[in-house]
Amino acid sequence: MVEKKAKIVIIGAGMAGLMAANKLYTAPGSQHLFDISVVEGGGRIGGRINTAEFMGERIEMGATWIHGIGGSPIYEIADRIGALNSDQPWECMDGYSGQSTTVAEGGVELSPATVDPISTLFKNLMDFAQGKIAGESNFLRQGNYDKLSVGAFLRRGLESYWLSKNGVTEVNGCGEWSQKALEEAIFAMYENNQRTYTSAGELSTLDFVAESEYQMFPGEEITIAKGYLSVIESIASVLPPGLVQLGKKVTKIEWNPESESRNIPTPVTLHFADGSHTSADHVIVTVSLGVLKAGTREDSALFNPPLPSFKTEAISRLGFGVVNKLFLRLSPPTNDGDNPKSINKFPCLNFVFHQPDSEFRRKRIPWWMRKTTTLQPIYQNSSILLSWFAGEEALQLEKLKDDEIINGVSTTISNFLIPRSQNENSESDSNGWSNGHRNQNDTVEFHFSQVLKSQWGSDPLFQGSYSYVAVGSSGEDLDAMAEPLPRTEESPKAPLLQILFAGEATHRTHYSTTHGAYFSGLREANRLLHHYNCI
């Protein structure tokens, strides 16, 4: 008599889901034990990895970086399949090796002497928060960090920095900017950059204590020449045709925590948006934390019966933010005789905005641009520019029409890149450029012709970008996210491992990353293999 195969359904064909499927399918003897399928609500594999093309350039709409190459499984796969090199240039191929230009609102080009001390201060504060360095100042050594946010910690650090300076005189030649206002605005630029790293809309919501648990691999951070999707395709390549089913959006997961018998056949039933359903012995849920948050609200019925309180409370407490990328195509120069009206060479531009209480804020600059930190070519001299948005600004970006985006970005640039003949306040004149423009008397403008933006917040299959440990939550909540259901102590007679959870938001030290998702998919596959004595 042939023993029935255990049916395993994996929800989601992103990094976690495909890695789980890869491990289960390739484990020795597993094809005689398991009936495996992956159901994906969208029309493509990859999840929050989405390599695309824009105006002939390969770009990443989602995951972009390998965060440290030392020991990273993502790097190892990309290296093995030859995806790290290409004859064609690619997004952030050299981290953009061109000279960075930092400009304050009103066209004040800032010298390294102004920017570097604040840059060093911010880096040292974040290194301390992340456990990379010990505290050397009284402020760092004597701090009480319980229930403190990263945002509050950073602001304490800035205040301590000012106190240590004992009132240095104002910088001359910066017009409307005082030295303290400049320092605070530069500090805010780095804070806003940190928002895109963490996905926290405000750093005041990011837990300080948990920050030191987050781990990165050593070595440089790089992008993938042939696209992040090449790694996903490599992982999926071992799976036979038909194992991954696209367009199968799950609308309800029914499970049996109260069953009195472990012999109940296929205790989990999945219902799909197309009206079909399927049963399984085990389901690995790899949907985003944003989808879980929506699916565990009182007005939702994704899980029936509802998930236990330890699981829903962890889902509720953890943070899940929105980060979006904006790509703009720089129009080719238009010439009027010998006078170029547009220069098709854009600087790596860092924005230093006036703070909300400043009387000098330019009213024409739209609010959704004011926490943007950079606008730069995707590689040196490319005509495609990239900027990052987080939080409410990222959500607003999704709602805007292309012409509104172009007008907003153009207006912002016009208040930063001012020809030197019209601006006597710049601190730097080192390279023949005036705030990214050639040193000439006529007005020079940049024009944009095409827009492409990611929209992770409004996509119902994701409802955001990646997770963070919010104030009020902890690493223990990430561990709770990874616990399978039902718990043995709560349902001693029910079938085991009915629902398993994977995805970046289930990894305590590598949350928010593709390698965290990779590890979580591997973890849940190994859990099932152990259960069936395959390891």
Side-chain angles (χ1 to χ4, degrees), residues 54 57 59-65 67 90-112 114-116 118-119 122-123 126 182 185-201 203 221-223 321-330 345-355 365-391 393-394 396-397 405-406 408-418 428 433 435-437 446 448 451-454 465:
F54 179 54
E57 301 275 19
I59 52 95
E60 303 288 356
M61 298 297 287
T64 303
W65 296 92
H67 295 290
W90 66 92
E91 182 183 345
C92 301
M93 57 186 288
D94 49 9
Y96 186 79
S97 59
Q99 183 176 357
S100 175
T101 302
T102 302
V103 184
E105 186 172 343
V108 182
E109 185 174 343
L110 304 179
S111 67
T114 299
V115 177
D116 289 353
I118 303 302
S119 174
F122 189 88
K123 181 182 184 303
M126 285 307 305
L182 263 180
I186 294 167
F187 196 84
M189 177 182 71
Y190 289 110
E191 287 177 314
N192 287 325
N193 207 36
Q194 196 67 26
R195 293 165 66 236
T196 65
Y197 293 160
T198 64
S199 90
L203 297 184
E221 297 186 68
I222 63 172
T223 54
V322 181
V323 176
N324 279 318
K325 298 173 73 174
L326 171 65
F327 297 92
L328 296 148
R329 185 194 184 210
L330 193 63
K345 185 177 180 183
F346 199 90
C348 176
L349 180 62
N350 302 322
F351 294 109
V352 175
F353 290 98
H354 277 297
Q355 294 303 283
I365 296 177
W367 69 269
W368 48 269
M369 279 294 297
R370 285 195 165 275
K371 290 187 177 180
T372 303
T373 60
T374 61
L375 180 64
Q376 63 186 62
I378 60 173
Y379 56 83
Q380 195 164 5
N381 296 332
S382 172
S383 63
I384 305 300
L385 308 185
L386 167 64
S387 192
W388 296 73
F389 294 77
E393 292 78 11
Q396 180 64 19
L397 183 73
I405 293 172
I406 289 174
V409 173
S410 299
T411 297
T412 303
I413 291 172
S414 70
N415 284 277
F416 281 79
L417 299 182
I418 300 173
S428 173
W433 288 75
N435 301 346
H437 291 67
F446 291 104
F448 306 102
V451 170
L452 181 66
K453 61 186 178 182
S454 60
S465 301

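- Checking Asn192 against Thr373 by side-chain atom types alone, no donor-acceptor pair falls below 3.5 Å.
- Residue Gln376 holds its CD atom at 10.0 Å from CH2 of Trp388, rounded to the nearest 0.5 Å.
- With rounding to the nearest 0.5 Å, the separation of CE in Met369 from CD in Gln396 is 13.0 Å.
- The pair Arg329-Glu57 does not meet the salt-bridge criterion, since no charged nitrogen lies less than 4.0 angstrom from a carboxylate oxygen.
- The NZ atom of Lys371 lies 9.0 Å from the CD atom of Glu191; values are rounded to the nearest 0.5 Å.
- Side-chain atoms of Val409 and Val451, non-hydrogen and from C-beta on, never get closer than 4.5 Å to each other.
- In this structure, Phe327 has its ring center at least 6.0 angstrom away from the ring center of Phe448.
- Once rounded to the nearest 0.5 Å, the distance linking CG of Leu203 with OG1 of Thr198 reads 5.5 Å.
- Ring geometry for Phe389 versus Trp368: interplanar angle of 30 to 60°, hence tilted.
- Between Ser454 and Lys325 the shortest heavy-atom distance is OG-N, 2.8 Å.
- Interatomic distance, CG of Leu417 versus OG1 of Thr412, reported as 10.5 Å (0.5 Å rounding).
- Looking only at side-chain heavy atoms (C-beta outward), Gln194 and Phe122 come within less than 4.5 Å of each other.
- For the atom pair CH2 of Trp65 and CD of Glu91, the computed distance is 8.0 Å after rounding to the nearest 0.5 Å.
- Taking every heavy atom of both residues into account, Ile365 and Phe416 meet most closely at CD1-CE1, 4.1 Å.
- Few gaps surround CZ on Phe54; more than 12 heavy atoms of other groups in view lie less than 6.0 Å from it.
- The two residues Met93 and Tyr379 come nearest to each other via the heavy atoms CG-CB, 3.8 Å.
- Val115 places none of its side-chain heavy atoms less than 4.5 Å from the side chain of Asn350.
- A donor-acceptor pair is defined here as one N or O able to donate and one able to accept, closer than 3.5 Å; such a pair exists between the side chain of Asn324 and the backbone of Ala394.
- The shortest non-hydrogen separation linking Leu328 to Ile406 is CD2-CG1, 4.4 Å.
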